[in-house]
Amino acid sequence: MRVSGLFQFLAFIFVLIISFVFIRSYTSISMKNTRLPRWLGPVSKEIPVVKTKCGLSKSCPDNFFAFKISSGAANVVGPSICFEDHVIISPVKDNVGRGLNIALVNDPSLLVKFLREIPADVLVLVASYDDPGTKMNDEIRKLFSNLGSSYAKQLGFRDSWVFLGARDMDNKSPFEQFLKNDPGKNKYDGWPELLELEGCVPRKVI
């Protein structure tokens, strides 16, 4: 009986020792896990997102205007024009139409009158949608060329075009993109892909 009791006592002690070792090891691992980030250095902070006007990839200097122009995509998604963080034209505003979206003008005679009356100190932002070229006559093309366009004279059926210019510019505007309607290269069925033009234009462009 004494021998049996001794074995039971030793077994009890053994279980206590194993339990103590297990608890100590688990506590040590937990403490190490808790302290691990300190070994790696300070916790990285979230990088603040810098908001730019019109969602540009970078901010414009103080003496520049921010703008973004998107042409329409085929005859499905309308164009948009943003200037100094104000969305002037967009499908959401429901103020876009087929042709040239400057202000919703699609009649050639009204467009000529509109372009002639643009003051010298006004910027003109243009985004095409669906078919910008069919109704453009020689006078309209000449007036757009006078605003600094390099492509107005060749703008044709269903071409994509985005442009920013001003009257009586000394040189051609650097803010212009043009994509010819080419059935072999069109992204959409019957239309070239959407064009986007963004940047910073000096407040004095003439």
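Here the structure is a predicted model, which is why all the values come from computation and not from measurement.
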Whether over 12 other heavy atoms sit under 6.0 Å from [X] [atom1]:
X: Tyr151; atom1: OH; result: no
X: Lys113; atom1: NZ; result: no
X: Asp94; atom1: CG; result: no

Tell me whether [X] contacts the main-chain N or O of [Y] through its side chain, where contact means a donor paired with an acceptor under 3.5 Å.
X: Asp85; Y: Cys54; value: yes
X: Asn146; Y: Lys142; value: no
X: Ser160; Y: Glu193; value: yes
X: Glu176; Y: Ser150; value: yes
X: Asn101; Y: Ser128; value: no
X: Glu84; Y: Phe67; value: no
X: Asn95; Y: Ser90; value: yes
X: Lys153; Y: Asp138; value: no
X: Asn186; Y: Asp189; value: no
X: Lys172; Y: Ser149; value: yes

Evaluate the criterion side-chain contact (heavy atoms from CB on, under 4.5 Å) for residue pair Asn75 and Trp191; output intermediate values, then yes/no.
CA-CA 8 Å; Asn75 63 343; Trp191 289 268; 3.5 Å; yes

Are the side chains of [X] and [Y] in touch, meaning some heavy atoms are under 4.5 Å apart?
X: Pro192; Y: Lys185; answer: no
X: Leu123; Y: Leu164; answer: yes
X: Leu143; Y: Leu147; answer: no
X: Val162; Y: Phe178; answer: no
X: Leu111; Y: Lys135; answer: no
X: Val76; Y: Tyr188; answer: no
X: Ser70; Y: Ser80; answer: yes
X: Val122; Y: Arg167; answer: no

Tell me whether the rings of Phe144 and Phe163 are parallel (<30°), tilted (30 to 60°) or perpendicular (>60°).
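Because their plane-to-plane angle is over 60°, the rings of Phe144 and Phe163 count as perpendicular.
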
Which heavy atom in [X] sits nearest to a heavy atom in [Y], and how many Å separate them?
X: Lys58; Y: Thr52; result: C-CG2, 3.9 Å
X: Cys200; Y: Leu56; result: SG-CD2, 4.3 Å
X: Lys93; Y: Val87; result: CE-O, 2.7 Å
X: Ala127; Y: Pro79; result: CB-CB, 3.7 Å

Membership question, hydrophobic clusters at under 4.5 Å side-chain separation (ILVMFWY): are [Y] and [X] in the same one?
X: Leu194; Y: Leu155; value: no
X: Met136; Y: Leu115; value: yes
X: Val96; Y: Ile81; value: yes

I need the Ser59 OG to Lys53 NZ distance, nearest 0.5 Å.
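The distance works out to 9.0 Å.
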
Please round to the nearest 0.5 Å and tell me the distance separating atom CD1 of Ile69 and atom CG of Leu197.
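Reported to 0.5 Å precision, the distance equals 5.0 Å.
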
Would you sort out whether Trp161 and Leu195 count as a side-chain contact (heavy atoms from CB on, under 4.5 Å), showing the intermediate values?
CA-CA 7 Å; Trp161 183 48; Leu195 291 177; 5.6 Å; no

Evaluation steps, side-chain contact (heavy atoms from CB on, under 4.5 Å), between Val124 and Ile102:
CA-CA 7 Å; Val124 180; Ile102 312 168; 4.1 Å; yes

Could you go step by step and tell me if Asp131 and Arg158 meet the salt bridge (charged side-chain N to carboxylate O under 4.0 Å, His left out) rule?
CA-CA 4 Å; Asp131 176 24; Arg158 290 185 176 177; over 6 Å; no

